[in-house]
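Chain letters run A, B, ... following the sequence lines, proteins first and then strands; every chain starts at 1.
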Amino acid sequence: MSPIVSVEHLGKSFGGLRAVHNVSFNVEPGEVLGIIGPNGAGKTTLFNCMAGMFPPSTGTVHYQSENVTSWSDAKLARAGMVRTFQLMRPFGSMTVLENVAVAAAARGAKERDAMAQAWEILQRVGLDHYATRTSKDLPTAGLKRLELARAMALHPKVLLLDEVLAGLVPTERQPVIDLLLSIRDNGVTLLFVEHVMQAVMALSDRVLVLNHGETLAYGTPSEVVANPEVIEAYLGDEVTNVDSK
Amino acid sequence: MSETLIQTVPSPLHKKKFFDGNMVALVIIVAAVVPLPLLLESGQESVAIRILIFAMLGLSWNIMSGFGGMFSFGHAAYFGLGAYSSSILLVNFGISPWIGMVVGMAVAAIYGVIVGWLCFRYKLKGTYFALATFAFAEMLRIIVQSSQAVNAAVGYNVPLIKGSSWWLMQFPAGSPNYFWLGLILLTGCLLATIMFARSKTGQFAVAIREDEEAASSIGIPVLRYKLKVIAISASIGAVAGVFYTQFYLFIDPELAFGAYRSIEAILIPVVGGVGTIWGPLVGSVLLAPLNDITAAILRNPPPFLDFLQGQSGLDVMLYAVLIILVILFLPKGIFGSIKDKVTRK
């Protein structure tokens with residue numbers, strides 16, 4: 001099976017700052033790839049380059065065997081590679097339903113269909129009882145779900161999730177992890193940046209560790225947490241006891 | 001988020017109807033004001049017509065800057081291009097202002113798209129975008145003012161005809177037809193705004209206004225829709241310009257492209273309610289008669305305002321006071337603030 005996403009020698013520099021350097025990996029369809037690393041390791045920059053937010057300085061990104069390195073984020077999203085943001089970015093004056101419907105419409109759904117699809121997705125993510133409220137009134141956990149719902153409205157094949165659990169208290173995390181698992185079970189490939197190791201271990205098939213913009217380790221969760229370099233650079237001792245899935 | 005709620009919440013989809021509250025309001029308002037010219041004196045009718053022109057201009061600005069979030073300080077350009085397109089075609093070639101209006105709308109839309117594209121090409125946003133729109137409008141004013149091909153600073157007088165002609169948009173002084181013509185055009189502009197607000201383009205425009213990057217990340221082609229919104233806004237501005245010229249039978253570079261026109265376009269929705277369908281109408285009802293009210297006061301002031309006799313500039317002062325009051329106490333404009341209070345209940 002050919003990889004659904006293939007990143008080769010990807011690099012991004014901002015002036016003299018080398019944010020990402022020579023990162024390569026493949027992601028198989030239906031796979032879940034966790035991306036971890038200390039703050040400033042280049043995780044979000046990697047996502048931005050992959051999602052077409054800005055072009056990489058070097059290297060290529062292939063999606064479904066097509067070179068998409070120069071594609072815009074909008075074109076990639078319509079093609080099924082969708083990202084979410086670390087800081088929630090709802091369309092504040094719109095209702096929760098409209099937020100999701102506008103994404104469905106961007107994919108090409110007609111107005112009535114877009115609304116119906118948005119409603120179904122809201123039911124699935126458990127936001128239906130907030131449907132007619134303005135999105136800026138949602139609590140953090142609701143906003144996280146809204147980000148996911150909006151991405152799901154695009155019928156993604158690949159989801160790039162940037163710290164989807166950040167800001168959630170432990171009791172709020174498990175329902176979101178369950179939701180991600182159900183999205184994965186529907187055949188969506190997940191790449192997610194995360195600091196919550198419990199989620200990384202529970203969800204990931206493989207884990208990519210970045211440090212100073214470069215690949216520090218790449219392997220199964222149990223391989224990665226046992227890697228002495230990863231422990232030293234990022235994990236410390238506390239998470240090495242967290243079970244993988 | 002209780003799981004039981006998921007099953008019990010009724011779908012809000014049934015709320016989407018074609019003939020919604022805005023359409024009902026439009027029908028009621030139009031029906032209510034149709035007999036107005038039969039009840040008003042001649043001077044009052046011209047104030048009513050100015051309200052219609054102001055409302056069209058305000059609606060135009062509101063689409064681009066209120067719904068679309070692209071702050072324009074150069075709406076005079078669209079107004080002026082509409083006014084000049086129809087005047088040139090009518091005076092030089094005898095072509096009906098209706099056709100002139102279509103041409104003016106197209107010219108304004110093309111101009112808006114070109115200026116917009118240039119601004120976005122160089123990533124101008126916010127204040128810089130506003131200043132660029134102002135600069136382009138001023139450039140147009142200076143070009144027209146110094147170009148003999150379009151009568152330079154003299155401008156155009158619309159040739160008078162005998163009797164009435166809907167085709168040439170000309171009626172005898174004091175005819176109620178001017179008001180009805182303006183009302184038809186304004187109704188069209190309001191209808192366009194309502195349809196825009198509920199359309200995919202309108203929804204995308206609001207999403208882009210709220211967060212351009214997030215909008216792009218969900219697949220909205222941001223540049224294309226921004227330019228589309230500018231084109232719609234420019235077209236409505238041109239309609240206002242055409243009607244203005246046909247009513248006053250005269251246009252010159254200052255009246256068409258002057259900065260004051262751009263300021264009017266901003267103030268109307270700011271007072272009424274930016275980003276709302278009805279805000280520009282409310283703003284125009286308040287602002288358009290201001291000149292006449294102040295002129296009347298200055299002509300024959302009440303005893304306690306005797307010191308104002310013979311002075312000028314009271315309308316500008318009142319404008320300023322009104323704007324300060326609105327910004328202080330009703331930052332979302334009159335209609336916007338009322339709407340906010342009602343929807344929060």
Side-chain angles (χ1 to χ4, degrees), chain A residues 51-53 72-79 82-85 88-95 97-112 114-116 118-120 122-132 134-136 141-142 145 147 150-151 153-154 160 172 175, chain B residues 1-18 20 66-69 120 123 195-226 273-277 332 336 339-340 342-345:
Chain A
M53 301 285 286
S72 70
D73 53 349
K75 189 176 175 185
L76 267 171
R78 288 194 301 275
V82 186
R83 71 159 301 166
T84 65
F85 294 94
M88 296 78 75
R89 299 170 82 161
F91 305 127
S93 69
M94 289 185 181
T95 65
L97 183 72
E98 286 166 345
N99 259 270
V100 183
V102 83
R107 187 178 43 80
K110 295 214 180 319
E111 191 201 352
R112 184 81 202 176
M115 283 293 194
W119 175 245
E120 275 176 31
L122 288 184
Q123 285 182 307
R124 188 168 164 206
V125 302
L127 278 179
D128 49 337
H129 47 301
Y130 288 109
T132 54
T134 51
S135 55
K136 65 185 172 199
R145 282 168 182 253
E147 281 271 331
R150 223 163 47 178
L154 289 151
L160 308 176
E172 291 169 334
Chain B
M1 284 169 228
S2 154
E3 292 299 316
T4 52
L5 270 172
I6 294 172
Q7 302 304 322
T8 55
V9 178
S11 161
L13 300 180
H14 66 278
K15 287 181 181 171
K16 284 267 170 187
K17 287 178 188 165
F18 175 77
D20 63 1
F67 288 99
F120 302 137
K123 302 195 187 309
M195 299 308 286
F196 168 81
R198 62 163 70 159
S199 72
K200 190 165 91 170
T201 304
Q203 292 289 301
F204 285 1
V206 173
I208 293 167
R209 177 193 72 193
E210 300 283 307
D211 190 326
E212 197 170 314
E213 273 191 357
S216 188
S217 78
I218 59 163
I220 296 174
V222 169
L223 177 64
R224 191 195 310 165
Y225 276 90
K226 277 172 129 178
V274 172
T276 64
I277 289 166
K332 290 187 172 176
K339 187 184 165 201
D340 237 29
V342 170
T343 49
R344 276 181 189 280
K345 274 183 185 172

Taking all heavy atoms of G219(B) and all of A77(A), pick out the closest pair and write down the distance. N-CB, 3.6 Å
In short, D73(A) meets S217(B) closest at the heavy-atom pair OD2-N, 3.8 Å
Which atoms of A51(A) come close to chain B, meaning under 4.5 Å heavy atom to heavy atom: side chain ones, backbone ones, both, or neither? neither
Quick check: does any side chain N or O of E210(B) sit under 3.5 Å from a backbone N or O of S93(A), one acting as donor and the other as acceptor? yes
Nearest 0.5 Å, please: how far is CE in M53(A) from OG in S216(B)? 7.0 Å
How many angstroms lie between CE in M94(A) and CD in Q203(B), if you round to the nearest 0.5 Å? 4.5 Å
Nearest-0.5 Å distance, CD1 of residue I218(B) to OG1 of residue T84(A): 13.0 Å
So do the side chains of D211(B) and F85(A) get within less than 4.5 Å of each other, counting heavy atoms only? no
Please report the closest heavy-atom contact between F204(B) and A105(A), naming both atoms and the distance. CZ-C, 3.7 Å
Looking at G108(A), A79(A), A106(A), which one has more heavy-atom pairs under 4.5 Å with chain B than the rest? A106(A)
